Number of protein chains: 2
Amino acid sequence: MSILSKQEELILLAVWRLHDEAYGVKIRKYLIEVTGCDISIGGIYVPLDRLVRKEFLQAYQGEPTPERGGMSKRYYKLTSEGVEALQEARRVHETLWEGLPQPSFSSG
Amino acid sequence: MSILSKQEELILLAVWRLHDEAYGVKIRKYLIEVTGCDISIGGIYVPLDRLVRKEFLQAYQGEPTPERGGMSKRYYKLTSEGVEALQEARRVHETLWEGLPQPSFSSG
DNA sequence: AATATTTATTCTACAAAATAGAAAAAATAC
DNA sequence: GTATTTTTTCTATTTTGTAGAATAAATATT
């Protein structure tokens, strides 16, 4: 397969979109909103850890915020490898989808 | 997760692209070419079977051809559910990638 | 100051998907 | 009839994804 699994790609995209607000709970909320699918807690943290181990993401501990509650946030940012992986994913998508009309069902 | 796994999505796209030439070996060649990744034989046939079971694809046995060799080809075509799944996948991709510049690495 | 509530991550057993490639099948070529 | 080619089938193993309880750490409430 390609270098990124599906969940990994979604998470890298979310990290990129969320800039300096990219931590577990926010990433999960964002992806549930965009995909319309319920994603379990593990569905975020498990691949996040994997992405750090693979060095597509770098993690750093957040400072306490004025809001109530919670363990200290663990923020993530893309590494250069992470950026390259996303660029590659985009290239593949564009090739696959390019020039295709809305797919339609040809019965027969 | 979403309704399609990564490999399933790639295969549906390949089936759609290949029209009446969508059978295992061709699908594999096409996806290796587009993704630049080596995909094992199982990496095609295992998800193909799953897609038929899930009714995103319909399979039909091919007639013998003038070319030499091979078991009779098993061709695939999208069902209406398969088309819908692809349309949904496209919608999600467009939302995720829309308006994003080429991702770049912000060190810091 | 206890207790409740909220926000957040960690952990881990289980399920689903992907990988790898040998084996089998079926055809033509020599 | 033996070799070669093209194709699918099969299946054990590894990798990924899922589910959600447990834990942690902060503020709010009484």
Side-chain angles (χ1 to χ4, degrees), chain A residues 1-12 14-15 18 20-32 35 37-54 56-57 59-76 85 89 92, chain B residues 1-12 14-15 18 20-32 35-54 56-57 59-76 85 89:
Chain A
M1 261 262 279
S2 55
I3 51 179
L4 295 174
S5 74
K6 182 154 200 173
Q7 210 60 350
E8 285 172 353
E9 183 183 312
L10 290 176
I11 286 172
L12 289 191
V15 167
L18 292 169
D20 57 351
E21 278 299 304
Y23 64 94
V25 168
K26 267 267 175 86
I27 294 169
R28 176 158 177 255
K29 272 185 197 144
Y30 173 72
L31 289 178
I32 288 174
T35 64
C37 300
D38 188 34
I39 301 172
S40 70
I41 296 172
I44 298 296
Y45 288 101
V46 170
L48 267 174
D49 278 356
R50 204 154 45 225
L51 285 163
V52 171
R53 264 186 281 119
K54 289 184 184 172
F56 289 129
L57 287 179
Y60 55 102
Q61 221 55 34
E63 299 300 315
T65 56
E67 286 104 49
R68 160 183 186 172
M71 294 178 72
S72 79
K73 288 170 186 150
R74 196 168 184 234
Y75 290 98
Y76 298 89
V92 170
Chain B
M1 262 259 281
S2 54
I3 51 178
L4 294 175
S5 75
K6 183 154 198 174
Q7 209 61 347
E8 285 171 352
E9 182 181 313
L10 290 176
I11 286 171
L12 289 190
V15 167
L18 292 169
D20 58 350
E21 278 301 303
Y23 64 96
V25 168
K26 268 267 175 85
I27 293 169
R28 177 158 176 255
K29 272 185 196 145
Y30 173 71
L31 289 178
I32 287 174
T35 64
C37 301
D38 188 34
I39 302 171
S40 69
I41 296 173
I44 299 296
Y45 288 101
V46 169
L48 267 175
D49 278 357
R50 200 159 49 229
L51 286 164
V52 171
R53 262 186 284 118
K54 290 183 182 173
F56 290 129
L57 288 179
Y60 55 102
Q61 221 53 35
E63 299 299 315
T65 56
E67 285 104 50
R68 159 184 188 171
M71 294 178 70
S72 79
K73 289 170 185 147
R74 196 168 185 234
Y75 290 98
Y76 298 89

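Here is how names work: the chains are called A, B, and so on, in the same order as the sequence lines, proteins then strands, and each is numbered from 1. All values reported here derive from a predicted model rather than from experimental measurement.
In this structure, Lys73(A) atom NZ and dA24(D) atom C1' are separated by 15 Å, rounded to whole Å. Here the P atom of nucleotide dT19(C) and the CG atom of Leu31(B) are 11 Å apart, to the nearest Å. Taking atom CD1 of Ile32(A) as the reference point, atom P of dA19(D) lies 11 Å away to the nearest angstrom. Across the protein-nucleic acid pair, Tyr23(A) atom OH and dA24(D) atom P stand 20 Å apart, rounded to whole Å. One can place CG of Leu48(A) at 12 Å from P of dG17(D), the figure rounded to the nearest angstrom. Nucleotide dT7(D) holds its P atom 12 Å from the CD1 atom of Ile27(B), rounded to whole Å. Atom pair Phe56(A):CZ and dT16(D):P shows a separation of 10 Å (rounding to whole Å applied). Rounded to an integer number of Å, the gap from Ile44(B) CD1 to dG21(C) P is 15 Å.
Listed by chain and number, the residues in a side chain to side chain contact (heavy atoms under 4.5 Å, CB included) with Asp20(B) amount to none (sequence neighbours excluded). Looking at residues two or more places apart in sequence or on another chain, you find no salt bridge (charged side-chain N to carboxylate O under 4.0 Å, His left out) involving Lys29(B). For Tyr23(A), the ring pair (Phe, Tyr, Trp, His ring centres under 6.0 Å) test picks out Tyr75(A), with sequence neighbours left out. Listed by chain and number, the residues in a side chain to side chain donor-acceptor pair (under 3.5 Å) with Thr35(B) amount to none (sequence neighbours excluded). Val46(A) is linked by a side chain to side chain contact (heavy atoms under 4.5 Å, CB included) to Arg50(A), counting only residues two or more places apart in sequence or in another chain.
For the pair Ser40(B) and Tyr75(A), both in contact range of DNA chain C, the more 5′-proximal nearest nucleotide belongs to Tyr75(A).
Side-chain contact between Lys73(A) and Val25(A): absent, with no pair of heavy atoms (C-beta onward) separated by less than 4.5 Å.
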TODO: List the protein contact pattern of nucleotides 10-18 of chain C with one symbol per nucleotide (5' to 3'): B for base contact, S for sugar-phosphate-only contact, - for none; contact means a heavy-atom distance under 4.0 Å.
DONE: B-B----SS
